[in-house]
**Q** 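Mind having a look at this structure? Questions to follow.
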Amino acid sequence: MGSFATRATNYALYQTGWFLCIIGAGNGYPNAGALAAFVLVAAHVFLTSDRGNEIKLLLIAGAFGVVIDGFQQFSGLLHFAGDEYLPLPLWVVAIWVQFATLLRFCLNWLQRRYLQASVFGFLGGPLAYLAGVRFEAATMPNGALPPMIYIAVIWSIALPLLVFIREKIAPTDGVYGFAKRMD
């Protein structure tokens with residue numbers, strides 16, 4: 001299941017990046033948050049022992065984010081703070097990529113547990129978006145109910161699908177290089 005040091009580092013990198021993206025976007029500096037998050041993703045990739053497969057997984061998750069949250073922004077369910085000239089602000093994609101860093105590490109317990117992944121996505125997805133709204137990184141122009149239903153349903157499908165893709169691309173649990181030396 002990986003060492004405690006690996007899981008703790010993985011969680012800290014993710015949570016720091018998520019927070020920087022949300023705070024940056026909510027305070028008018030969305031690209032600064034995205035840049036910081038991508039630096040943390042680069043640190044994650046550098047530390048991981050299976051870089052090639054990890055990068056594939058991160059790129060796929062980024063594409064998921066572009067499609068899923070791009071639809072939300074395009075349809076008016078959500079409006080993400082940030083660059084008005086882009087279909088989707090870079091910080092949103094950064095959060096999706098960052099989330100994927102958890103799949104082989106902190107969320108490795110979801111492997112082959114698609115029902116649990118679905119429930120986790122159904123509950124956790126809306127909570128994360130609501131936190132983003134609370135920090136003014138996003139707004140729900142037509143009220144909270146339509147986007148929350150959409151997010152719950154989409155995440156109940158997306159998370160098990162990401163877990164399945166993770167299993168196909170990178171079937172082993174993630175390990176950071178320093179953790180191997182500590183074990």
**Q** Identify the two heavy atoms, one from Ala117 and one from Leu159, that lie closest to each other, and give their separation to 0.1 Å.
**A**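 Heavy atoms of Ala117 and Leu159 come nearest at O-CD2, 3.3 Å.
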**Q** Can you measure from CG (Leu110) to CG (Leu102) and round to the nearest 0.5 angstrom?
**A**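 With rounding to 0.5 Å, CG (Leu110) is 10.0 Å from CG (Leu102).
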**Q** One thing to verify: whether Arg112 and Glu167 come together as a salt bridge, which I'm taking to mean a side-chain N less than 4.0 angstrom from a carboxylate O.
**A**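 Judged by the 4.0 Å cut-off on N to carboxylate O distance, Glu167 and Arg112 do not form a salt bridge.
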**Q** Hey, does the side chain of Trp91 reach the backbone of Ala81 with a donor-acceptor pair shorter than 3.5 angstrom?
**A**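 Looks like yes, one N/O pair under 3.5 Å.
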**Q** Would you say the side chain of Ile95 lies within less than 4.5 Å of the side chain of Ile22, judging by non-hydrogen atoms?
**A**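 Yes, their side chains come closer than 4.5 Å.
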**Q** Report yes or no: does Ser156 contribute a side-chain atom to a donor-acceptor pair with the main-chain N or O of Val153 at less than 3.5 Å?
**A**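 Present.
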**Q** Are Asn108 and Arg166 packed together at the side-chain level, in the sense that at least one heavy-atom pair is separated by less than 4.5 angstrom?
**A**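 Result yes, sub-4.5 Å side-chain heavy-atom pair found.
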**Q** Atom CZ of residue position Arg51 - does it have more than 12 heavy atoms of other residues, nucleotides or ligands inside 6.0 Å?
**A**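 Count over threshold, so yes.
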**Q** Taking the side chain from Asp69 and the backbone from Val93, do they hold a donor-acceptor pair closer than 3.5 Å?
**A**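 Judged by distance alone, no pair lies under 3.5 Å.
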**Q** Would you say the ring centroid of Phe105 lies under 6.0 angstrom from that of Tyr14?
**A**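 Phe105 vs Tyr14: aromatic centres not under 6.0 Å.
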**Q** So if you build clusters from Ile, Leu, Val, Met, Phe, Trp, Tyr with side-chain heavy-atom gaps below 4.5 Å, do Leu130 and Phe80 land together?
**A**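 Same hydrophobic cluster.
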**Q** Please determine whether the number of non-hydrogen atoms from other residues, nucleotides or ligands lying under 6.0 Å from atom CD of Gln15 exceeds 12.
**A**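 Yes, the 6.0 Å shell around CD holds more than 12 heavy atoms from other groups.
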**Q** Considering all heavy atoms of both residues, which atom of Ile157 and which atom of Pro160 are nearest to each other, and what is their separation?
**A**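 Where Ile157 meets Pro160 most closely, the heavy atoms are O-CD, 3.3 Å.
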**Q** Could you check if a side-chain atom of Leu103 sits within less than 4.5 angstrom of a side-chain atom of Leu57, using non-hydrogen atoms only?
**A**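 Heavy-atom side-chain distance check passes, below 4.5 Å.
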**Q** With no hydrogens and no angle check, do the side chains of Gln98 and His44 hold a donor and an acceptor under 3.5 Å apart?
**A**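 No, His44 and Gln98 have no side-chain donor paired with an acceptor closer than 3.5 Å.
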**Q** Please report the closest heavy-atom contact between Leu77 and Pro141, naming both atoms and the distance.
**A**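 That closest heavy-atom pairing would be O-CD, 3.6 Å.
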**Q** So, applying side chain to side chain contact (heavy atoms under 4.5 Å, CB included) with Gln72, which one of Val92, Leu78, Leu88, Val67 is it?
**A**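 Exactly one candidate clears the test, Leu78.
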**Q** Please determine whether the number of non-hydrogen atoms from other residues, nucleotides or ligands lying under 6.0 Å from atom CZ of Phe38 exceeds 12.
**A**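 More than 12 heavy atoms, drawn from other residues, nucleotides or ligands, come within 6.0 Å of this atom.
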**Q** With the 4.5 Å side-chain cut-off for hydrophobic clustering, are Phe71 and Met148 part of the same group?
**A**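 Yes, Phe71 connects to Met148 through the hydrophobic network.
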**Q** Once rounded to the nearest 0.5 Å, what's the spacing between atom CZ of Phe4 and atom OG1 of Thr9?
**A**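 Atom-to-atom, Phe4:CZ and Thr9:OG1 are 8.5 Å apart.
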**Q** How are the rings of Trp155 and Trp96 set relative to one another: parallel (under 30°), tilted (30 to 60°) or perpendicular (over 60°)?
**A**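 It falls in the parallel class, under 30°.
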**Q** Do the side chains of Ile165 and Phe64 get nearer than 4.5 Å, heavy atoms only?
**A**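 Yes; the side chains approach each other to less than 4.5 Å.
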**Q** Could you tell me whether the side chain of Leu107 reaches within less than 4.5 Å of the side chain of Phe120, counting heavy atoms only?
**A**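 Side-chain contact under 4.5 Å: yes.
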**Q** By side-chain contact (heavy atoms from CB on, under 4.5 Å), which residues pair with Leu59, not counting sequence neighbours?
**A**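 Residues passing side-chain contact (heavy atoms from CB on, under 4.5 Å) with Leu59: Ile55.
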**Q** Can you find a pair of side-chain heavy atoms, one from Gln111 and one from Asp173, that are under 4.5 Å apart?
**A**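 Of all side-chain heavy-atom pairs linking Asp173 with Gln111, at least one is under 4.5 Å.
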**Q** Given side chains that start at C-beta, do those of Leu40 and Thr101 come closer than 4.5 Å, heavy atoms only?
**A**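 No. Closest side-chain heavy atoms not under 4.5 Å.
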**Q** For Ser118 and Tyr114, indicate whether the former's side chain and the latter's backbone hold a donor-acceptor pair under 3.5 Å.
**A**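 No; judged by distance alone, with no hydrogens or angles, the pair does not exist.
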**Q** Is there side-chain contact between Tyr11 and Arg7, with heavy atoms separated by less than 4.5 Å?
**A**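 Tyr11 does not reach Arg7 side chain to side chain.
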**Q** With a 4.5 Å cut-off on side-chain heavy-atom distances among I, L, V, M, F, W and Y, is there a chain of contacts connecting Leu35 to Val66?
**A**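 In one cluster with Leu35: Val66, no.
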**Q** For a quick test of reading the model, state the closest non-hydrogen atom pair linking Ala100 to Glu54 and the distance between them.
**A**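 Heavy atoms of Ala100 and Glu54 come nearest at O-OE2, 4.2 Å.
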**Q** So which heavy atom on Ala37 is nearest to which on Ala94, and how close?
**A**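 Here Ala37 and Ala94 meet closest at CB-CB, 3.9 Å.
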**Q** For the hydrophobic clusters of this structure (ILVMFWY residues joined by side-chain heavy atoms under 4.5 Å, transitively), does one cluster hold both Leu162 and Trp109?
**A**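 Yes: a chain of side-chain contacts under 4.5 Å links Leu162 to Trp109.
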**Q** Anything under 30° is parallel, anything over 60° is perpendicular, the rest tilted; go ahead and classify Phe19 against Phe135.
**A**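 Because their plane-to-plane angle is over 60°, the rings of Phe19 and Phe135 count as perpendicular.
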**Q** How close do Asn53 and Asp50 get, counting heavy atoms only, and between which atoms?
**A**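 Of all heavy-atom pairs spanning Asn53 and Asp50, the closest is ND2-OD2, 3.2 Å.
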